[in-house]
Amino acid sequence: MSSENEAMDGAHQPPEGVGEPTVRALGALSKALETTERARGHLYGFHQLTGTADFELDDAVRLLREAGHGEYADRVEREILGRNVIPGHWTFQIIESYNDSYYRPFVALEDGIRRDLGAGRDHLFEARLKERRRTHHHPDHTATPPGPE
């Protein structure tokens with residue numbers, strides 16, 4: 001590798017015998033997993049927002065009581081506060097089920113296929129895109145990060 005980082009690093013080059021169709025397939029699989037990561041993040045957002053709303057109900061109940069509306073405060077406590085978001089589940093249980101039944105198996109499958117077909121190397125497709133799209137010999141378009149000085 002030159003001092004200008006002009007060659008792709010070996011960690012992002014396809015192993016010998018791995019062609020463009022396989023690199024594209026691994027890229028598609030990886031992209032699908034990345035989308036799942038985003039979906040999982042939204043699930044955690046849903047979990048945290050729902051939990052926050054449940055704790056905010058404490059203020060609503062208190063304020064309803066202070067305003068002389070104890071019957072309504074009781075209804076909020078009885079019907080909504082601490083309620084399952086779907087039958088039998090709080091949001092943490094939804095996340096646990098998602099992780100166990102979908103997310104972890106997907107991560108394991110993607111990892112296994114990437115190891116089998118791409119020698120475990122990450123981002124082969126993206127590295128190819130970078131190599132094709134960058135301007136060679138431009139200081140802001142180097143192939144790899146600068147090495148230690």
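These values consider heavy atoms only, across backbone and side chains, with no hydrogens, waters or symmetry-generated copies.
Hydrophobic clustering of Ile, Leu, Val, Met, Phe, Trp and Tyr side chains at less than 4.5 Å, counting indirect connections, unites Leu33 with Tyr102. Ile86 is not connected to Ile80 by any chain of hydrophobic side-chain contacts under 4.5 Å among Ile, Leu, Val, Met, Phe, Trp and Tyr, and they are in different clusters.
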List the steps, then state whether salt bridge (charged side-chain N to carboxylate O under 4.0 Å, His left out) holds for Asp111 with Arg115. CA-CA 6 Å; Asp111 183 65; Arg115 287 183 186 286; 3.0 Å; yes
Could you go through the side chain to side chain contact (heavy atoms under 4.5 Å, CB included) check for Glu77 and Leu57 one step at a time? CA-CA 8 Å; Glu77 280 184 327; Leu57 286 173; over 6 Å; no
Residues Arg38, Glu34; criterion salt bridge (charged side-chain N to carboxylate O under 4.0 Å, His left out); working and verdict: CA-CA 6 Å; Arg38 290 179 59 206; Glu34 290 172 8; over 6 Å; no
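The closest side-chain heavy-atom distance from Ile95 to Trp90 is not below 4.5 Å. With a 4.5 Å cut-off on side-chain heavy atoms, Arg40 and Asn99 count as touching.
Closest approach of Tyr98 and Ala39 over heavy atoms only: OH-CB, 4.1 Å. Of all heavy-atom pairs spanning Arg134 and His141, the tightest one is NH1-O, 2.7 Å. Contact record, Gln93 with Gly88: OE1-O, 3.4 Å, taken as the closest heavy-atom pair. In terms of heavy atoms, Leu81 sits closest to Asp54 at CD1-O, 3.3 Å. Nearest heavy atom pair, residue Arg114 against residue Leu26, reads CA-CD2, 4.0 Å.
Expressed to the nearest 0.5 Å, how far CZ of Arg65 lies from CD of Glu71 amounts to 11.0 Å. How far CD1 of Ile94 is from CG of Asn84: 9.0 Å, rounded to the nearest 0.5 Å. The structure places CG of Leu29 at 6.5 Å from CG of Leu109, a figure rounded to the nearest 0.5 Å. Between atom OG1 of residue Thr36 and atom OH of residue Tyr103 there is a gap of 9.0 Å, rounded to the nearest 0.5 Å.
In summary, Asp58 and Arg62 do not engage in a salt bridge, as defined by a charged side-chain N under 4.0 Å from a carboxylate O.
Contacts classified as salt bridge (Lys or Arg N to Asp or Glu O under 4.0 Å) and involving residues 78-93 (residues at least two apart or in different chains) are given here: Arg75-Glu79. Residue pairs meeting the ring pair (Phe, Tyr, Trp, His ring centres under 6.0 Å) criterion with at least one partner in residues 46-89, sequence neighbours excluded, are absent.
The number of heavy-atom neighbours closer than 6.0 Å to CD of Glu20, taken from other residues, nucleotides and ligands shown, is above 12.
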